[in-house]
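To start, the structure under review is shown below, and the notes come after it.
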Amino acid sequence: MKNKNKSSQDELLQHELKVLAGIATSKEKYRKIVQAGIAQWIRDFQSGKIRVTTVDDLKKLIEIDLELQKDEL
């Protein structure tokens, strides 16, 4: 009986590890997208395509980036 419980626990742990690894990979991809968005916003701002009235877009990108980084600490 103990072996069966241990086996079930091991399978559950393996599944949880796969799920966590998938989440980490997704967060990494999302951060790259957000960072590219921030870089584009800065380029557009520096070239005059964006005026200070759209700072909220940058704020949202930064907030998303910080949220994605939370679990990395």
Side-chain angles (χ1 to χ4, degrees):
M1 188 74 171
K2 285 184 180 182
N3 285 340
K4 188 173 185 179
N5 285 339
K6 176 96 169 125
S7 177
S8 294
Q9 287 176 346
D10 289 345
E11 288 175 17
L12 180 60
L13 183 58
Q14 289 295 330
H15 174 72
E16 290 175 353
L17 289 173
K18 286 180 184 178
V19 169
L20 289 174
I23 291 170
T25 299
S26 293
K27 282 185 176 184
E28 194 174 309
K29 290 177 184 177
Y30 296 149
R31 285 215 50 227
K32 288 178 183 178
I33 293 167
V34 169
Q35 289 170 339
I38 290 169
Q40 183 63 51
W41 191 96
I42 290 170
R43 284 191 298 273
D44 289 347
F45 179 72
Q46 289 172 335
S47 71
K49 293 179 184 175
I50 293 178
R51 298 179 189 251
V52 176
T53 58
T54 62
V55 159
D56 193 51
D57 292 339
L58 177 60
K59 180 181 174 191
K60 288 177 187 175
L61 287 171
I62 291 170
E63 287 171 352
I64 291 168
D65 191 42
L66 291 173
E67 187 67 31
L68 290 169
Q69 290 182 63
K70 272 185 184 178
D71 295 333
E72 294 176 10
L73 299 175

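Any value given below was found using the heavy atoms of this structure, including those in side chains, with hydrogens, waters and symmetry copies removed. None of the values given here were measured: they were computed from a predicted structure.
When hydrophobic clusters are built by joining Ile, Leu, Val, Met, Phe, Trp and Tyr residues whose side-chain heavy atoms come closer than 4.5 Å, directly or via intermediates, Val19 is not grouped with Tyr30. Clustering ILVMFWY residues whenever any of their side-chain heavy atoms sit less than 4.5 angstrom apart, transitively, puts Ile23 in a cluster other than the one holding Leu68. Placement of Leu61 and Leu66 within a single hydrophobic cluster is found when ILVMFWY residues are connected by side-chain heavy-atom separations under 4.5 Å, directly or transitively.
Lys49 pairs by the salt bridge (Lys or Arg N to Asp or Glu O under 4.0 Å) definition with nothing, not counting sequence neighbours.
Note that the CD atom of Glu67 and the NZ atom of Lys70 stand 4.0 Å from one another [nearest 0.5 Å]. If you take CD on Gln35 and CD on Gln40, they are separated by 14.5 Å, rounding to the nearest 0.5 Å.
Between the side chains of Asp65 and Gln69, at least one donor N or O sits under 3.5 Å from an acceptor N or O. With 3.5 Å as the limit, one finds no donor-acceptor pair spanning the side chains of Gln46 and Arg43.
Taking a cutoff of 4.0 Å between a charged side-chain nitrogen and a carboxylate oxygen, Arg31 and Glu28 do not qualify as a salt bridge.
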Show the numbers, then the answer: is there a side-chain contact (heavy atoms from CB on, under 4.5 Å) between His15 and Glu11? CA-CA 6 Å; His15 174 72; Glu11 288 175 17; over 6 Å; no
